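Nothing here was measured: the structure is a model prediction, and the numbers come from that model. By convention in this document, chain letters (A, B, ...) are assigned in the order of the sequence lines, proteins followed by strands, and residues within each chain are numbered from 1.
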There are 4 protein chains.
Amino acid sequence: MTTIAVIGASGYAGATLAKLIASSPALTLGGLYVSENSLDAGKPLSQLYPGMLGVVDLPLQGLSAQALAGLCAQCDGVALATEHLVSASLVPQLLQAGLSVFDLSGGHRFKDAAIYPTYYGFEHPHPALLLEAEYGLVDWYAHTLKGCKLIAVPGCYPTASLLALKPLKQAGIFQESTMPVINAVSGVSGAGRKAQLNTHLCEVSLTPYGVLGHRHQPEIETYLGQPVVFTPHLGNFKRGILATITCQVKPGTTEAEIAEAFEIYQGSDKVKLLPAGSWPKVDDVAGSDLCLLAWKLDSQRNVLVVASAIDNLMKGAASQALECINIHFGHEVYS
Amino acid sequence: MTTIAVIGASGYAGATLAKLIASSPALTLGGLYVSENSLDAGKPLSQLYPGMLGVVDLPLQGLSAQALAGLCAQCDGVALATEHLVSASLVPQLLQAGLSVFDLSGGHRFKDAAIYPTYYGFEHPHPALLLEAEYGLVDWYAHTLKGCKLIAVPGCYPTASLLALKPLKQAGIFQESTMPVINAVSGVSGAGRKAQLNTHLCEVSLTPYGVLGHRHQPEIETYLGQPVVFTPHLGNFKRGILATITCQVKPGTTEAEIAEAFEIYQGSDKVKLLPAGSWPKVDDVAGSDLCLLAWKLDSQRNVLVVASAIDNLMKGAASQALECINIHFGHEVYS
Amino acid sequence: MTTIAVIGASGYAGATLAKLIASSPALTLGGLYVSENSLDAGKPLSQLYPGMLGVVDLPLQGLSAQALAGLCAQCDGVALATEHLVSASLVPQLLQAGLSVFDLSGGHRFKDAAIYPTYYGFEHPHPALLLEAEYGLVDWYAHTLKGCKLIAVPGCYPTASLLALKPLKQAGIFQESTMPVINAVSGVSGAGRKAQLNTHLCEVSLTPYGVLGHRHQPEIETYLGQPVVFTPHLGNFKRGILATITCQVKPGTTEAEIAEAFEIYQGSDKVKLLPAGSWPKVDDVAGSDLCLLAWKLDSQRNVLVVASAIDNLMKGAASQALECINIHFGHEVYS
Amino acid sequence: MTTIAVIGASGYAGATLAKLIASSPALTLGGLYVSENSLDAGKPLSQLYPGMLGVVDLPLQGLSAQALAGLCAQCDGVALATEHLVSASLVPQLLQAGLSVFDLSGGHRFKDAAIYPTYYGFEHPHPALLLEAEYGLVDWYAHTLKGCKLIAVPGCYPTASLLALKPLKQAGIFQESTMPVINAVSGVSGAGRKAQLNTHLCEVSLTPYGVLGHRHQPEIETYLGQPVVFTPHLGNFKRGILATITCQVKPGTTEAEIAEAFEIYQGSDKVKLLPAGSWPKVDDVAGSDLCLLAWKLDSQRNVLVVASAIDNLMKGAASQALECINIHFGHEVYS
């Protein structure tokens, strides 16, 4: 049995991961932590999420220095569902204690430390560690995750976008010097569990945000290997992401070529192509660890539209983290 | 033209009333006010509510002593969409300046000052004024509103409940020593426009709250003249209230007697009885100033179920306030 | 391994049960059936529910006479997620073939055949079989389910209501000759998966229906052993039921007595009491097999309010059916 | 007073227009019509829409030959909120009777009759009339509407898209041989008021549809004067459209140039530019006759994102039809 603690377990992604670990045959939940001065410290997780009653009955512990030392002594790995800078600050001590670290924040997704001040608002405190991290987009980089102690679990929008775009990029299908246009809509859980006016039910209604400047744009570009235009939106639902992507493809590109590009997912139990004519709905994947893909080509205009749907808290965070954990520790992947 | 200012205009009820006043032929909007240290002071209302662009373009002003004096000099009346205690504190100065006051808060709905510490958490600062206020349930008390300078606009749940129950009470239909059971569900706008975890879209889902202790229970009992059991719920929608009320009626009560009791609303343009077999939906009244009623009798068990639907921000707040204003100043009621 | 077929697998409850069976270690899914002339016959279930891709990949088969014979030869049990009358008509042949039958419809929930014409609109075709059926409210009647070949899986509203009320009834807490008032709100999935105007997203908004005449009222009364007033509502959400129940209790009833009555669920992994002051939300149980309960007593007025939340498709249908199957066949209950 | 009848008044757009006409000072509602064999014939409109009680109390009449003759005799104009082919078939008789026709369907939006078989599935029965129709995008073509007896009220997506794109096109800002990418999400009311599985609340969840082949694509291209990629989506809400549009602009294009292009709407009371940094939400415009626009330029990549929000039933149908009616008959526009 592998023992994994979750730091930042009061949030939506952290709590979801705690539940997945608790239900996972090869894993033991090694503790749930929140920041030392959190008002949730001391509460059972099921007080925040009553649906966890009988599923995860552990308390949330404040992450004091002593608690951190205890965690390091007892666990094989730790998942960080914390703010970006908190993750970046915690990692050195965790690695030094020999733990494997699965960082769900954006704290270790870039080799290039210069991205942090521009897109995250802080200088990265340990830029050397960025070079040691691997990007846990498991459907593409599983082979890198076994030997690496610091795994950056991908962002939600990048997961949805990259799973759709990487096969096309690899197949050389994009028309040169064009930028795929990614329009994506996320459920409100993506904004985190905190009191804010903009997540008030009465204030939420479909709208763009972070236009031409969202931090997931460089993440997508880094792992796709080319520029994109990424426009995120907030939708009036709790969970899930739909990314609709419009690409200019090389003149003469055929449906067969596109189908062949996506054959890379044949046999995958997490990424599924829908039959032609079907398009994914957000609720098809809410609560599941799947990514559903569909596409259509206008071969006269050389325009390709691809749609990709995931649950932002699952394939976009917790279930992908679980895949990373299981791959890293050599367990059968099941979530 | 009658000039009316709105204090507390940044909230959902205040902003809705501002829009109604601005669109009302006999009224002029005399200014929009928020508390002096509000972060919204100085912003145009349409910055908070872009749908107001071109409809209400006035700015929100901080309510300094000077602003208050100016307001008193320029307006005929003022609507208070403020916290209960703020209303209670502001009223003396407003009355002294000769203004008519329409208080949308619960600050003046009771003659009995003892209710305030129990249900509102404060000692009423001006209990003598409670005796001067009239209760603005316009469909029942319109005749009292002309001569009165302080009108307590009813609460949302009490409006829905009392419009359903008062005709039955007046007709003597309730079985003695039984309590009507009121189950009501309100949209989230009833919780106000502020950053709170419990109104986060991801946290909202149908649930009871304030069970056996909500402050609208004594309000309903006061104006109905008998005890009730009132259980409010928060629903996953923005606007509207549905109250479903179960009553024990006197043995032998007939459908004709109940129909006759509700004939009091014949000719009303705000309170409408649905045809038998139809039941109101919350969205039938969202955005409207109507109250829709329906009922069914089980004459074997002497059980009567009545349903009542209003928009909590309209008939439950702003449009009823507008009716109060128009009646008080002798204008034709139109909202 | 026990092999179970699902008839009526294209509907929400049937498809949910198919997924639970497919994921259950002790069970094998023995086939998915729809009516012979259904347009869905021949389609994979995942065409209707893309989230089932890779989870349940079986096709929906038309239930011809031949298919029925094949099913009877290969399966140990069959779950009926069919219309009431279809269930009632299919059961004799299934029992004769030696199968255990788990009927999710209302076709076998009453010993008294007279209820069918009044509440279900048909004469029961096999009233003698009604006497052989057991009511699968597992938290109360598990002991009857092992030796019985025909199990009537309870309705959704009755499950939510009875789990709340039976402990109180058993403890003798209700005031005599009073009727508990049950107000319940169900998600739209309770209305089934078919083209209807009243489930159109634009037509759905919180509203009562079936007032003083819903077929779940006699079901609740039968298994509670006393009359109730039951008012169902349609809510603007997909899954889940919240029942809010108001009872007159015997004068002098204490909180300790009520707590003691609910101790019957101590140790249950499906029925959970929330800590005092917490109330269940529908989304706390959406997708889960739990029932969450909470209560509050007004000991001055002898009024008790109990709230009960379940997922109508899970504890109110599929997961309770799975519990019935596992208990009946002697498997460990896990869903 | 101008008298206007509504044919197709039971649908969402027709009923909304009926309410606007009834509330409009210069207009009289000349009758509400549905197809002769509609089950709604004979019902008051308020039976379908209880919120219309006291607002529109007219009955829906079956459109028999006699009823049509009566309508022609009594009305000045008629609004068609009917299926495309029904509109196309009705228009000749209405024009012959001297009525002004406001067609909310797509039956007269193209000069080129060849579009009908490809995008609408029928040969246009009266192609000569297509040449007589004017396109009622009032903010651009108001001057053509006075002298024309057949006005094609624009589609919902084209209204949202064209109001955003035409100022840019007119200013020559698009990079040559690029196609603006329009991603738009519509509320479910856009799918009409009929029993269908795909509008069942449980089946609705954000998803693309009509990809690379929706009939609004040629409509946008016709009135924009250049090709676009248009991808519509169904959203989980009742009313409103958000269109997010991504354009390649000519290298060197400045924010000032874009601001200048949009100055065309200065003074408009229907089309409003939001302050920089604000983005429209669907619910900002739900129930209103506004179009809200916002934009942002990435001047390094020469990418412009524009967002446009309207209520699909108002500015995208009924309130724009009302504007057409008022302009045509010379009344002050007010809706």
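Side-chain contact check for D:S205 versus A:L242: every heavy-atom pair is 4.5 Å or farther apart. The shortest distance between side-chain heavy atoms of D:N183 and A:H233 does not fall below 4.5 Å. Side-chain contact between A:T178 and D:T178 is absent, with no heavy atoms from C-beta onward closer than 4.5 Å.
Of all the heavy atoms in A:M179 and D:V303, the pair that sits closest is CE-CG2, 3.5 Å. Here the shortest heavy-atom pairing between A:P208 and D:P280 reads CD-O, 3.7 Å. Counting all heavy atoms, side chain and backbone alike, D:W279 lies closest to A:T207 at O-OG1, 3.5 Å. Residue D:E203 comes nearest to A:K281 through the heavy atom pair O-NZ, 2.6 Å, listed as atom of the first residue, atom of the second, then distance.
Each of A:T246, A:L297, A:V305 was scored for a side-chain contact (heavy atoms from CB on, under 4.5 Å) with D:L212, with one residue passing: A:V305.
Heavy-atom distances place the side chain of A:V181, and not its backbone, under 4.5 Å from chain D. Looking at D:V211, both its backbone and its side chain come within 4.5 Å of chain A, counting heavy atoms on both sides.
Within 6.0 Å of NZ on A:K19 lie no more than 12 heavy atoms contributed by other residues, nucleotides or ligands. Around CD of D:Q226, the count of heavy atoms belonging to other residues, nucleotides or ligands within 6.0 Å exceeds 12. By the 6.0 Å contact criterion, NZ on A:K272 is enclosed, its count of non-hydrogen atoms from other residues, nucleotides or ligands being greater than 12. Crowding of A:E263 atom CD: a count of heavy atoms from other residues, nucleotides or ligands under 6.0 Å exceeding 12. Crowding of D:E83 atom CD: a count of heavy atoms from other residues, nucleotides or ligands under 6.0 Å not exceeding 12.
Taking D:V229, D:D284, D:N236, D:D298 one by one and counting their heavy-atom pairs under 4.5 Å with chain A, the maximum is reached by D:N236. Residue with the most contacts toward chain A among D:V204, D:V282, D:L234: D:V282 (heavy-atom pairs, distance under 4.5 Å).
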